[in-house]
Every structure is written in C-alpha cells, then in structure tokens.
Amino acid sequence: MRRRDDLGGSLVRGRLEPGRVSDVEAETRSLLAEGRLELAVAAVVRGYGPELLTYLVAVARSETDGSDAFSEAIVDVWRGLPAFRWESS
C-alpha cells in the first residue's frame, strides 16, 4: 500500500522507500555544497521526518512527548548537518 505523506515523501507502510533515501541524501548533499543549509534541513525533514516522528511518538507513547523529541532532533540536524561527514551506513 503506497501513500504520500503530508511532507511530500513517498511512503510504503509508514517507511521511506529505499530509492527515495538516496534521493533525499543526494538533494541534501547538493544543497549543503551550495551553502543552502535551510533548504538542506528542509529536505531532511521532508524525507525522513514522517518516519522519525512516527517512531518517536510510538517510543514515547505520547504524541506530545514524541513531537517534542522530534523538535529537538530537528534542531540537532540544523546544528550538526554542516559538519556531517557522510560516512555512516
């Protein structure tokens, strides 16, 4: 069952499609290379946000707590993305 999430990512049963992961990474890297941090963070949120938010709400067992954790995670992305070395797997 495929659906589109509200942030524009292609989801399959609540998960980002594997081909879409490389698209998100390529877009993010390109935007960072151009010095466009705000748009790079937006690409990360569009690409990974729905899945991450769903996970955090489930772990926290509270929409409020999950949303708060999501907000903190996005601030961390904003701060850490410029130094990210793309060596993770």
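The figures that follow rest on heavy atoms only: side chains count, while hydrogens, waters and symmetry mates do not. Note that the structure is a prediction, hence the values are computed from the model and not measured.
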> Under the salt bridge (Lys or Arg N to Asp or Glu O under 4.0 Å) definition, can you give me all pairs with a residue in residues 73-83, not counting sequence neighbours?
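For residues 73-83, and leaving out neighbouring residues, there are no salt bridge (Lys or Arg N to Asp or Glu O under 4.0 Å) pairs at all.
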> Could you tell me whether the side chain of L53 reaches within less than 4.5 Å of the side chain of S67, counting heavy atoms only?
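The answer is yes; the side chains approach within 4.5 Å.
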> Taking only residues two or more places apart in sequence, or in another chain, which ones meet S71 in a side-chain contact (heavy atoms from CB on, under 4.5 Å)?
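Once residues adjacent in sequence are excluded, S71 has no partner under the side-chain contact (heavy atoms from CB on, under 4.5 Å) criterion.
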> Using side-chain contact (heavy atoms from CB on, under 4.5 Å) as the criterion, list what pairs up with L31, not counting sequence neighbours.
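side-chain contact (heavy atoms from CB on, under 4.5 Å) check on L31 returns E27, E34, R36, L39, A40, A43.
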> Holding to salt bridge (charged side-chain N to carboxylate O under 4.0 Å, His left out), I want the full list of residues that pass it with E38, two or more places apart in sequence or in another chain.
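Per chain and number, E38 pairs via salt bridge (charged side-chain N to carboxylate O under 4.0 Å, His left out) with no residue.
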> Same cluster or not: are Y48 and F84 linked, directly or through other Ile, Leu, Val, Met, Phe, Trp or Tyr residues, by side-chain heavy atoms under 4.5 angstrom apart?
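Y48 clusters together with F84.
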> For the hydrophobic clusters of this structure (ILVMFWY residues joined by side-chain heavy atoms under 4.5 Å, transitively), does one cluster hold both V75 and L81?
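In one cluster with V75: L81, no.
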> With sequence neighbours left out, what residues match Y55 under ring pair (Phe, Tyr, Trp, His ring centres under 6.0 Å)?
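With sequence neighbours excluded, Y55 shows a ring pair (Phe, Tyr, Trp, His ring centres under 6.0 Å) to no residue whatsoever.
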> Ignoring hydrogens, what is the shortest heavy-atom contact between L52 and A73? Give both atom names and the distance.
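Nearest heavy atoms, L52 then A73: CD2-CB, 4.2 Å.
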> Between W78 and L37, what is the shortest heavy-atom contact and its length?
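Closest heavy-atom pair between W78 and L37: O-CD2, 4.0 Å.
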> Which atom names give the shortest non-hydrogen contact between V45 and P50, and what distance separates them?
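Answer, listing the atom of V45 first, then P50: O-CD, 3.6 Å.
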> Applying salt bridge (charged side-chain N to carboxylate O under 4.0 Å, His left out), name anything that partners R29, two or more places apart in sequence or on another chain.
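Checked R29 against salt bridge (charged side-chain N to carboxylate O under 4.0 Å, His left out); zero matches.
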